[in-house]
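Single-structure report; data block below.
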Amino acid sequence: MTGGAPDAVVVGGGLLGSAIGYGLAVRGLRVTVLDEGDVAYRAARGNFGLVWVQGKGAGASPAHAAYARWTQTSGELWSAFAAGLEELTGTPLQLSQKGGIHLCLTEEEFEARAQKMAGLAAQNGSRFTYEMLGRNALARHLPGLGPDVVGCSWSPQDGHVDPLKLLRAVQEGITALGGAIRPGHRVSRIVREGGAFRLETEGGALSTARLVLAAGLGNRALAPMIDLDQPVHPQKGQVLVTERRERFLDIPTTFVRQTGDGTILLGDSKEDAGFDTSASPEILRTIADRGRRSFPALAEVQIVRSWGALRVMTPDGLPIYGQSPTMPGAFAAACHSGVTLAAAHAGPLAQDIVEGRLSGETAALGAERFHVQAA
Amino acid sequence: MFKRPEAAIGRPVRLSFEGQEIRAAPGDSIAVALLAAGVDFFRHTPRSGAPRGPWCMMGACFDCLVVVDDVPNRQACQITVADGMKVARQRGAAEVGP
């Protein structure tokens, strides 16, 4: 290391760790991000790129309501976050927040969706706004729908962004602000040394007074080293991408979106497949079929690539944030919504970490909720 | 650019490129036929509009895209010529739908 110990070390060079690291760097900390390298599972390089509010946090528990508000907060912060990042790095993020659509292909899906959205809007402190649109109302806004589409939920709070440009930009932001990204630094051990933490990595040891574990699926093994519990497991998602076409879809949907460069992404599968990241014909066929039923003209558009990636999933699907009960200055975070929550992670979460304690929504999203003793 | 002996063609396959007749040898890929006919670029890219032509000639680079019989974004290096085939430049991104 040159120039002494960093003010903060973030373990994990994905979107979660990089967004937190960028937020800390913006607040004047000299940040080092330790990245495992390309052997890592890399959820941040496989995701779909939605900045998505509708449906997030639907459920009865206080943690669900906290996640919903946290998501709404991030959605509200996103445009200013993107503007600051673009100005600093010169990397256009292709952010568009003109609303988003969840298409329903059966009456049952539509009814279930309507109930879910109504529950979410009725939550304590919710700022969620949406509309259920029947087929005719929807078709006025969105041409080219297939005959199976019965309607949709629509929220003006949704949007999308290029997730790879976002990842690159937050990392460029960290280095532009004097920080460092260090690949090949898989962390094997964390020990407390006086008031600081000593991290042993395959790229050498380093010390810091402020530590954030954001290593995705790696947090399961790392969090206990700072006396936290992050019981995450992989959930596979698969994505198809087509050749570039003229713009035909200006608004993202949960399983079809057209990127700023013209390619069309189809996705949103969910599988329990362990650590297998391969793409499989059966699942891809299901994804392609739903895309074709939604927009029949897609049937003649050529698919150029497909891939699988692993979501970082928690037992209830909500993020987990924690501050070490025994080591002040050490935090851990895990979530599968690294794109949507990037603005909150670089904003209020980074501010909490600077101040040394979680507050508000992140304090309400601890792992204590999984412990029977807490019930 | 490229030149081949007239004898190498044998009985020519007749196709059109941008409305002009081109003569190719049986078994030629569209990319070979166009290059041999002196066509120096096959498409304009969707993003910058830059002119592009075949690079890898083996199906990997997608830089040889053309419209074949009204189907957009076909790889010219992967399709064998046929009599009466209508080939045109791929101009940027194709529309979705009719």
Side-chain angles (χ1 to χ4, degrees), chain A residues 90-94 96 101 103 138-139 141-149 162 164-165 168 240-253 255-266 287-307, chain B residues 15-18 29-35 39-82 84-98:
Chain A
T91 299
L93 303 178
Q94 299 181 344
S96 166
I101 280 173
L103 294 172
L138 173 59
H141 301 290
L142 205 58
L145 292 170
D148 291 348
V149 177
D162 185 316
L164 297 177
K165 291 192 167 71
R168 189 175 115 180
L240 292 166
V241 60
T242 74
E243 61 195 3
R244 286 175 182 169
R245 289 292 188 118
E246 282 293 322
R247 183 138 310 277
F248 95 106
L249 187 59
D250 203 27
I251 293 171
T253 77
F255 47 84
V256 181
R257 82 172 185 96
Q258 189 170 24
T259 70
D261 293 327
T263 61
I264 299 155
L265 297 179
L266 301 102
I287 293 170
D289 188 57
R290 199 165 44 169
R292 182 185 56 81
R293 287 172 68 196
S294 303
F295 302 101
L298 290 180
E300 51 85 33
V301 179
Q302 297 186 73
I303 289 158
V304 295
R305 276 190 304 284
S306 63
W307 65 86
Chain B
L15 63 156
S16 73
F17 178 70
E18 296 284 313
S29 67
I30 295 172
V32 163
L34 297 188
L35 288 173
V39 175
D40 59 351
F41 74 95
F42 286 23
R43 68 175 188 128
H44 292 285
T45 63
R47 291 281 284 162
S48 67
R52 292 283 170 83
W55 186 66
C56 76
M57 294 296 281
M58 63 182 198
C61 77
F62 286 74
D63 251 337
C64 64
L65 299 179
V66 290
V67 181
V68 179
D69 293 333
D70 299 323
V71 180
N73 292 329
R74 304 299 309 274
Q75 290 173 278
C77 73
Q78 296 296 297
I79 301 170
T80 304
V81 294
M85 194 177 249
K86 284 188 303 177
V87 180
R89 287 203 165 93
Q90 180 65 50
R91 292 182 166 79
E95 304 270 348
V96 174

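Because the structure is a prediction, the values reported are computed rather than measured. Residue numbering restarts at 1 for every chain, and letters A, B, ... go by the order of the sequence lines.
Against chain A, the residues from residues 84-97 of chain B that qualify, each with a non-hydrogen atom under 4.5 angstrom away, are Ala93(B), Ala94(B), Glu95(B), Val96(B), Gly97(B) in number order.
Listed by first and then second residue, the side-chain hydrogen bond (donor to acceptor under 3.5 Å, both in side chains) pairs involving residues 68-78 of chain B are Glu243(A)-Asn73(B) (not counting sequence neighbours).
Looking at Leu249(A), neither its backbone nor its side chain comes within 4.5 Å of chain B, counting heavy atoms on both sides.
Taking CZ from Arg244(A) and CG from Leu65(B), the interatomic distance works out to 11.0 Å, rounded to the nearest 0.5 Å.
Around atom CZ of Arg247(A), more than 12 heavy atoms belonging to other residues, nucleotides or ligands sit under 6.0 Å away.
Residues satisfying the ring-ring contact (aromatic ring centres under 6.0 Å, His included) criterion with Phe42(B), sequence neighbours excluded, are absent altogether. Among residues two or more places apart in sequence or in another chain, the salt bridge (Lys or Arg N to Asp or Glu O under 4.0 Å) test is passed with Asp63(B) by Arg43(B), Arg52(B).
The residue among Gly144(A), Gly262(A), Ala297(A), Ala299(A) with the most heavy atom pairs within less than 4.5 Å of chain B is Ala297(A).
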